[in-house]
Protein chains: 2
Amino acid sequence: MRYSTRLPVATHILLCIALLGGEHKTTSAFLAGSVGVNPVVVRNVLGQLKAAGIVSVEPGVGGASLAREPERISLLDVFRAVEGQEGLFRLHDNPNPACPVGRNVHAVLGKSLAAVDDAMEAQLAATTLRELMDATSEREAMRYRG
Amino acid sequence: MRYSTRLPVATHILLCIALLGGEHKTTSAFLAGSVGVNPVVVRNVLGQLKAAGIVSVEPGVGGASLAREPERISLLDVFRAVEGQEGLFRLHDNPNPACPVGRNVHAVLGKSLAAVDDAMEAQLAATTLRELMDATSEREAMRYRG
DNA sequence: TCGGTTGTAACTGTTGACATTACAGCATAC
DNA sequence: GTATGCTGTAATGTCAACAGTTACAACCGA
């Protein structure tokens with residue numbers, strides 16, 4: 001079992017807005033065409049990103065834009081916006097309190113799993129949208145240089 | 001969306017085998033009673049742990065035991081045994097190759113997400129079953145000391 | 001007012017986790 | 001050698017989450 005594709009989809013959307021927003025009107029239909037999903041999925045993700053203060057969306061006229069500089073948007077911001085605050089792991093529901101292991105396993109394991117969550121989030125926070133934009137531009141440039 | 005409860009369940013099972021194996025015959029029914037799940041779930045998880053070389057299970061006579069010292073069993077070993085080798089995130093399927101973002105997003109994002117996977121696994125590898133056993137024993141001792 | 005867009009709700013198909021039942025295979029006790 | 005208890009595994013049912021899709025109200029600019 002693993003996470004949904006929401007983080008990749010949201011990141012793709014942000015890259016499109018950041019890199020193509022000057023040349024194109026970034027409507028949900030346009031973004032959906034690049035990402036390869038249904039426009040409604042784009043609108044839902046944009047709604048989550050808007051609620052998190054990452055993008056601004058123009059109702060009526062159409063189009064989305066970044067609400068702050070790409071240097072100040074990390075993958076962790078995007079992750080939290082679209083996946084919520086819940087931890088990576090879920091403890092099982094019904095350990096037996098009459099068993100010395102069962103009555104302690106949540107406390108003991110919880111500490112270790114929280115450390116894993118922290119490590120994952122620290123690594124997500126280490127990448128900014130700006131770095132992904134630069135990496136994309138670099139690859140595009142290489143494409144034409146050969 | 002998050003991981004299943006398999007890692008916690010498997011860890012709970014291992015703790016029971018390690019700490020209670022001396023006093024009790026650790027059959028799937030006994031373990032299921034402590035973990036609070038169906039015995040078949042225990043047998044399935046034990047099968048995965050056995051395939052990974054972490055436990056030995058006695059068919060016929062019944063009962064399971066650790067296949068190596070708890071110092072040499074990390075949460076990462078358990079995680080890989082029950083959750084497989086797949087990464088945490090899944091890239092979306094159909095980015096548009098005609099779009100400069102779409103044709104690069106997998107390569108660009110994949111690198112960052114692989115780093116997140118590595119960070120998570122490193123943290124999982126930092127905890128051994130021995131540490132969890134000691135933490136459990138310590139909490140049990142405190143329970144009686146007050 | 002009209003055309004294009006966003007914001008949502010509702011329905012559907014798919015997938016995975018988990019519980020449960022059932023039964024074949026195996027090892028020990030008698 | 002049979003009975004008993006356990007493991008291994010297949011089949012089935014339930015439930016929740018994700019994602020695709022349709023539909024429609026709300027909104028804005030020409």
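Order of the sequence lines fixes the chain letters, A, B, ..., with proteins taken first and strands second; residue numbering starts at 1 for each chain.
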Neighbours of DNA chain D within residues 41-52 of chain A, by heavy-atom distance under 4.0 Å: A:Val41, A:Arg43

N or O in side chain of A:Thr5 less than 4.0 angstrom from D:dA19 OP1/OP2: yes

A:Pro39 vs B:Val57, nearer the 5' end of DNA chain D by closest nucleotide: B:Val57

Nucleotide C:dT14, atom P - distance to CZ of B:Arg90 in whole Å: 15 Å

Contacts of A:Ser74 that satisfy side-chain hydrogen bond (donor to acceptor under 3.5 Å, both in side chains) - sequence neighbours left out: A:Asp77

Rounded interatomic separation in angstrom, taking CD from B:Glu58 and P from D:dT4: 23 Å

Short side-chain N/O contact to D:dC6 OP1/OP2 from B:Thr27, under 4.0 Å: no

Check: A:Met133 and A:Leu19 side chains under 4.5 Å, non-hydrogen atoms: yes

Test side-chain hydrogen bond (donor to acceptor under 3.5 Å, both in side chains) applied to A:Glu131 - qualifying residues, sequence neighbours left out: none

Estimated bend of the helix from C:dT1-D:dA30 to C:dC30-D:dG1 (axis per five terminal pairs, rounded to 10 degrees): 10°

Using the 3.5 Å cut-off, write out each protein N or O paired with an N or O of nucleotides 26-30 of chain D and the distance between them.
none

Sugar-phosphate, base or nothing in reach of B:Val37, heavy atoms under 4.0 Å: sugar-phosphate

Co-membership, hydrophobic cluster, residues B:Leu132 and B:Leu76, 4.5 Å side-chain: yes

Residues in salt bridge (Lys or Arg N to Asp or Glu O under 4.0 Å) contact with A:Glu69, at least two apart in sequence or another chain: A:Arg72

Nearest-angstrom distance from the residue atom CG of A:Asp93 to C1' of C:dC18: 11 Å

Among C:dC18, C:dT21, C:dA9, the one nearest B:Asn38 by side-chain distance: C:dT21

Residues which pass side-chain hydrogen bond (donor to acceptor under 3.5 Å, both in side chains) with A:Thr127, listed by chain and number, not counting sequence neighbours: none

Protein-nucleotide distance (B:Glu83, atom CD; C:dC18, atom C1'), rounded to Å: 13 Å

Non-neighbouring partners of A:Glu138 that pass salt bridge (Lys or Arg N to Asp or Glu O under 4.0 Å), sequence neighbours left out: A:Arg145

Residue A:Val40, side-chain atoms from C-beta onward, closest of D:dT21, D:dC6, D:dT9: D:dT21

Pairs meeting criterion ring-ring contact (aromatic ring centres under 6.0 Å, His included) with involvement of residues 104-146 of chain A, two or more places apart: A:His92-A:His106

Residues that B:Arg80 engages under salt bridge (Lys or Arg N to Asp or Glu O under 4.0 Å), provided they are two or more places apart: B:Glu121

Per-pair distances, 0.1 Å, donor-acceptor, side chain in residues 20-31 of chain B, under 3.5 Å, sequence neighbours excluded:
residue: B:Lys25; atom: NZ; partner: B:Val61; partner atom: O; Å: 2.9
residue: B:Thr26; atom: OG1; partner: B:Ala64; partner atom: N; Å: 3.2
residue: B:Thr26; atom: OG1; partner: B:Ala64; partner atom: O; Å: 2.8
residue: B:Thr27; atom: OG1; partner: B:Phe30; partner atom: N; Å: 3.2
residue: B:Ser28; atom: OG; partner: B:Arg43; partner atom: NH1; Å: 3.1

Partners meeting salt bridge (Lys or Arg N to Asp or Glu O under 4.0 Å) with A:Arg139 (sequence neighbours left out): none

Short side-chain N/O contact to C:dC18 OP1/OP2 from B:Arg6, under 4.0 Å: yes

Result of checking B:Leu129, B:Ile73, B:Leu124 against B:Val78 for side chain to side chain contact (heavy atoms under 4.5 Å, CB included): B:Ile73

Between C:dG4 (P) and A:Phe30 (CZ): distance, integer Å: 18 Å

